[in-house]
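FYI, the numbering just counts along the sequence from 1.
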Amino acid sequence: MPAQQLKQDGDFLALTLANPDGLSPAHFSLDNGTQVEIWDTGVIYFEPEQSGQQDIVLSCGVHGNETAPIEICAALVRDLLLGKLQLSERLLVLFGNPAAINNGTREIEENLNRLFSGHHSKGAGLINAERRRAQALENYVSRFYQLGGEGRERALYDLHTAIRGSRFEKFAVCPFLHGKPWKKAQFQLLAACEVSTVLLMQTPASTFSYYASNSHGADAFTVELGKVRPFGENDMRRFAKAEQTLRALVSGALPPFSEFRQADFQLYEVYRSINKQTQDFKLHFADDVENFTSYPLGSLLATDGDLEYRVEREGEAIIFPNAKVAIGQRAMLMVVPKDISGQLI
């Protein structure tokens, strides 16, 4: 029985990876009164006996080869199941793409993080496992927030690592807020995770964090914690602050934040998105160029058939360049520094 085994070893990740296509629902109680429910493979829900005001989703493994966040969440779940970490907030932990985790690849057929907010059912529809998984993850997040009821603080932190290195090792992507102000407390939480660089999106997206923000009013971020590495090759000391902060968040043990100062952060907004239009798309810089690298005005960045993309603004920097994406998908973002004075609460 999974419940008995999990109480003994706490290894929900192993159970998930042994059953990548699905797990039967289960419900059990921990000795400290926390209620635990398995909703599916990679989907585990915790409700403490005395719950605070926050409904928190931690997700990882949306891209299967981004292993450090998977290890962070697996250890957190293990310690909750073994009673080594006391929970104070309602919590849903998601291991996004178990098949891709087993395969050690970013995806099996399609980028899961481009399939949310209903994109899973557009075009050809639910034709592969990733599209069906995106729909299921949306439903689980909806169920989680609905069970908590209205008037509670909702959050989703979708943990990733990037394909390439970055000038700023850790950074976060804040989804488009449709004119709502940014929250100082959320930036301070990121800073406690050693994430002081934030990319502020300016348009709707098909990412998991945008789905949670737009559909459920959650404080949501895609959090990039470093560079992609295989299991066993992560220097977990580099993630210690992030792991400690997330554990403190779910256990109600966050220390008071220091006063917010915008000068402590590197804030960017998207200036333009460059999408791949043909198979001839080519990046004109080295494969190991880091995120947030900038070039002089007029520098050639990419070609796509007869199209040329050059640096158009001083300070314009590259984010997430990837010439291997499918036609029609984003091959690169160009970002510029952003001042958000007067737009914070």
Side-chain angles (χ1 to χ4, degrees), residues 62-66 100 104-117 119-120 122-124 127-128 130-131 134 160-176 197-210 222 224 226-229 266-338:
V62 167
H63 295 138
N65 61 343
E66 298 177 4
T105 55
R106 183 174 173 84
E107 60 207 46
I108 299 297
E109 294 186 55
E110 198 167 356
N111 184 348
L112 181 57
N113 209 28
R114 297 292 176 272
L115 295 174
F116 294 101
S117 294
H119 285 260
H120 48 72
K122 294 184 177 179
I127 58 170
N128 59 45
E130 265 124 352
R131 288 183 170 229
H160 288 255
T161 50
I163 295 172
R164 62 181 64 222
S166 173
R167 279 183 59 211
F168 312 107
E169 182 187 44
K170 301 176 181 69
F171 62 97
V173 181
C174 178
F176 181 47
T197 301
V198 184
L199 174 58
L200 307 167
M201 300 299 287
Q202 304 300 311
T203 57
S206 51
T207 60
F208 202 14
S209 59
Y210 177 77
T222 305
E224 302 281 356
K227 190 175 179 181
V228 167
R229 299 188 191 283
Q266 298 82 40
L267 303 179
Y268 291 84
E269 68 176 353
V270 176
Y271 170 61
R272 55 181 168 149
S273 177
I274 295 174
N275 291 348
K276 180 176 179 177
Q277 299 183 31
T278 75
Q279 290 293 356
D280 296 327
F281 184 90
K282 181 182 179 182
L283 297 172
H284 285 263
F285 45 80
D287 288 341
D288 60 354
V289 164
E290 295 182 327
N291 284 317
F292 295 100
T293 296
S294 57
Y295 292 96
L297 278 172
S299 298
L300 181 64
L301 300 169
T303 53
D304 197 351
D306 294 333
L307 286 173
E308 289 188 348
Y309 296 99
R310 296 181 179 272
V311 176
E312 296 179 353
R313 280 183 56 174
E314 287 285 357
E316 195 177 7
I318 59 173
I319 294 282
F320 303 135
N322 184 1
K324 297 178 181 179
V325 298
I327 290 175
Q329 287 194 358
R330 183 190 75 202
M332 181 165 53
L333 284 177
M334 303 304 299
V335 302
V336 293
K338 173 72 171 176

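- Between Glu66 and Arg106 a salt bridge is recorded (basic side-chain N to carboxylate O distance below 4.0 Å).
- Of the listed residues (Ile319, Ile274, Val270), just one forms a side-chain contact (heavy atoms from CB on, under 4.5 Å) with Met334, and that residue is Ile274.
- Partner of His63 under the side-chain contact (heavy atoms from CB on, under 4.5 Å) criterion, out of Thr105, Val228, Asn113: Asn113 alone.
- Leu333 places a side-chain heavy atom less than 4.5 Å from the side chain of Met201.
- Checked by atom type and distance alone, the side chain of Lys276 pairs as donor or acceptor with a backbone atom of Ala323 at under 3.5 Å.
- Contact check for Leu112 versus Glu107: no side-chain heavy atoms found under the 4.5 Å cut-off.
- Taking the centre and axis of the six-membered ring of Phe320, the NZ or CZ atom of Arg330 falls outside the cone set by 45° and 6.0 Å.
- Ring geometry for Phe292 against Tyr268 counts as tilted: the plane angle lies between 30° and 60°, on a 0 to 90° scale.
- Interatomic distance, Leu267 CG to Phe171 CZ, rounded to the nearest 0.5 Å: 14.0 Å.
- Counting only heavy atoms from C-beta outward, the side chains of Glu269 and Val336 approach each other to under 4.5 Å.
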Evaluation steps, side-chain contact (heavy atoms from CB on, under 4.5 Å), between Arg272 and Tyr309:
CA-CA 11 Å; Arg272 55 181 168 149; Tyr309 296 99; 4.3 Å; yes
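- The SG atom of Cys174 sits 12.0 Å away from the OH atom of Tyr210 when rounded to the nearest 0.5 Å.
- Residues Arg114 and Thr207 have side chains in contact (heavy-atom distance under 4.5 Å, counting atoms from C-beta outward).
- With a 4.5 Å cut-off on side-chain heavy atoms, Phe285 and Ser299 do not count as touching.
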